[in-house]
Amino acid sequence: MVVFKGRTPLLNSLMGQWQLTPIEAGSLGSIALFGMMVGAMTLGTASDKFGRKKMILLCIILFSLFTFLCGFAQTPGQFAVMRFIAGLGIGGVMPNVVALISEYAPKKIRSTLVALMFSGYAVGGMLSAGLGIWIVPTWGWEIMFYLGCIPLLLLPLIMKLLPESLGFLLRDNKDNQAKTILAKIDPQIVATHQYELVRQEVVARKIPILDLFSEKRAISTIAFWISFFMCLLMVYALGSWLPKLMQTAGYPLKSGLMFLFAMNIGGMIGAILGGHMSDKFNLKSVLVTFFILGAIAITLLGFRSNTYFLYFLVMIAGAATIGSQILLIPMWRNIIPCISVPPAWAGRRVWEELAPL
């Protein structure tokens with residue numbers, strides 16, 4: 001998904017080949033975000049019925065296969081359809097992975113593990129910027145999408161190693177499978193029978209998103225959505241326009257892409273460091289600190305400065321924006337019920353859809 005952001009060599013190649021206007025190119029980018037929103041609302045919620053592991057595997061097949069097929073698109077219409085279906089898979093896999101990691105992660109390092117998992121977003125951003133500079137001019141824009149088949153090759157390994165949700169196994173009366181997973185987590189507990197399997201009955205509403213506004217969670221839900229919107233506004237504004245803005249300021253395209261590279265390095269460092277600090281200190285205090293640092297760094301970007309100082313500011317901005325929106329996830333996950341993770345994520349995707357506008 002990240003390879004299509006900004007005035008990258010990939011996007012420039014597509015606009016030249018299909019004679020796209022900036023608005024049309026932006027629409028091709030937004031269609032994937034719309035697919036992610038729909039995927040979170042449908043494939044995300046389906047996991048409560050079919051199991052998180054099955055839905056994660058299905059979503060991986062969708063986004064990997066149809067990202068690969070984007071490379072064979074002959075028209076903007078075909079490309080848009082492939083991007084939408086790939087977006088369905090990405091949107092569906094995210095809430096299920098968050099719920100699964102939160103279920104198995106020890107409470108004292110939960111924020112670190114969730115942040116570490118989501119730092120893959122920043123790694124993908126760095127790889128897309130680096131690979132875009134290196135291989136697109138030689139191999140064409142299609143090669144970036146052909147690389148999307150890599151998760152399909154890893155599917156057998158994922159099927160073997162990825163556990164199912166213990167809550168789902170117990171609700172489905174699969175106690176033996178739950179015991180097998182528990183034995184891998186702590187063999188001593190299972191061997192000495194120092195555990196008890198408890199089935200927790202979760203009553204879901206016909207409209208799951210209403211769970212977010214019940215039991216005095218309405219203010220928290222709205223506050224989180226506003227926070228996500230502001231973070232995503234900066235993430236997509238910087239990710240989409242930073243290379244172009246730096247070109248306008250007189251920097252060559254490669255330097256503009258290096259600023260994007262620096263932003264994603266900062267995002268990865270911010271996510272991992274912020275997760276560790278949240279587990280050690282207080283998650284809310286870390287988030288407030290990140291918000292303040294991000295506001296200062298983004299404000300200073302508006303002033304002409306030394307190039308290396310600009311790189312530093314961009315890294316701080318990346319750490320504060322990408323890092324903050326990742327840290328918001330474990331904080332939200334600690335407040336909302338497990339069954340509300342997919343609809344909550346769908347609400348986040350609505351803001352993500354609005355942010356680029």
Side-chain angles (χ1 to χ4, degrees), residues 2 5-8 111-112 114-116 118-126 128-129 219-220 222-252 254-332 348 351-352 354-357:
V2 180
K5 279 189 181 179
R7 295 286 295 190
T8 60
S111 295
T112 300
V114 172
L116 187 63
F118 266 94
S119 65
Y121 175 94
V123 174
M126 289 188 291
S128 67
I219 295 177
S220 295
I222 294 172
F224 274 116
W225 277 352
I226 292 173
S227 299
F228 274 126
F229 172 71
M230 298 309 296
C231 282
L232 290 167
L233 178 65
M234 289 296 99
V235 169
Y236 279 89
L238 291 172
S240 298
W241 293 104
L242 187 61
K244 181 62 176 177
L245 290 173
M246 291 305 174
Q247 277 186 277
T248 305
Y251 297 92
K254 285 189 176 181
S255 294
L257 289 172
M258 285 305 296
F259 281 107
L260 189 61
F261 191 78
M263 186 187 82
N264 283 285
I265 289 178
M268 181 181 66
I269 295 173
I272 298 174
L273 181 62
H276 176 70
M277 291 172 63
S278 299
D279 287 323
K280 191 172 182 180
F281 302 107
N282 180 275
L283 180 53
K284 187 182 295 185
S285 300
V286 173
L287 274 170
V288 170
T289 303
F290 271 40
F291 287 147
I292 294 172
L293 288 174
I296 295 172
I298 292 170
T299 300
L300 292 176
L301 282 174
F303 299 92
R304 192 167 187 86
S305 307
N306 176 275
T307 303
Y308 294 105
F309 183 62
L310 284 177
Y311 278 126
F312 173 74
L313 291 177
V314 167
M315 288 183 66
I316 296 297
T321 54
I322 298 175
S324 294
Q325 69 103 9
I326 290 173
L327 292 176
L328 280 166
I329 294 166
M331 186 176 181
W332 196 359
R348 175 183 181 270
W351 296 116
E352 187 174 76
L354 293 174
L357 301 178

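Residues: numbered from 1 along the sequence shown.
Of the possible donor and acceptor atoms, none in the side chain of Asn264 sits under 3.5 Å from a partner among the backbone N and O of Gly267.
By the side chain to side chain contact (heavy atoms under 4.5 Å, CB included) test, Thr112 is found to be paired with His276, Asp279, residues two or more places apart in sequence or in another chain being considered.
Between Ala319 and Gly270 the shortest heavy-atom distance is CB-CA, 3.8 Å. Taking all atoms of both residues into account, the shortest heavy-atom contact from Ala317 to Ala297 is N-CB, 4.0 Å. Closest of all the heavy-atom pairs between Ser278 and Leu283 is OG-CD1, 2.9 Å. The heavy-atom pair separating Ala320 from Gly294 by the smallest distance is CB-CA, 3.3 Å.
Within the model, atoms OG of Ser324 and CG of Leu293 stand 9.0 Å from one another, a figure rounded to the nearest 0.5 Å. Here the CG atom belonging to Leu313 is positioned 14.0 Å from the CE atom belonging to Met263, to the nearest 0.5 angstrom. Distance check, rounded to the nearest 0.5 Å: CG of Leu287 to CG of Asn282 gives 9.0 Å. Atom-to-atom distance recorded for Ile316:CD1 and Phe290:CZ is 9.0 Å, nearest 0.5 angstrom. Taking CE from Met268 and CG from Leu116, the interatomic distance works out to 10.0 Å, rounded to the nearest 0.5 Å. Of the inter-residue distances, the one linking Met315 atom CE with Ile269 atom CD1 reads 4.0 Å to the nearest 0.5 angstrom.
Summarising the local packing, CZ of Phe291 is surrounded by more than 12 heavy atoms from other residues, nucleotides or ligands at distances under 6.0 Å.
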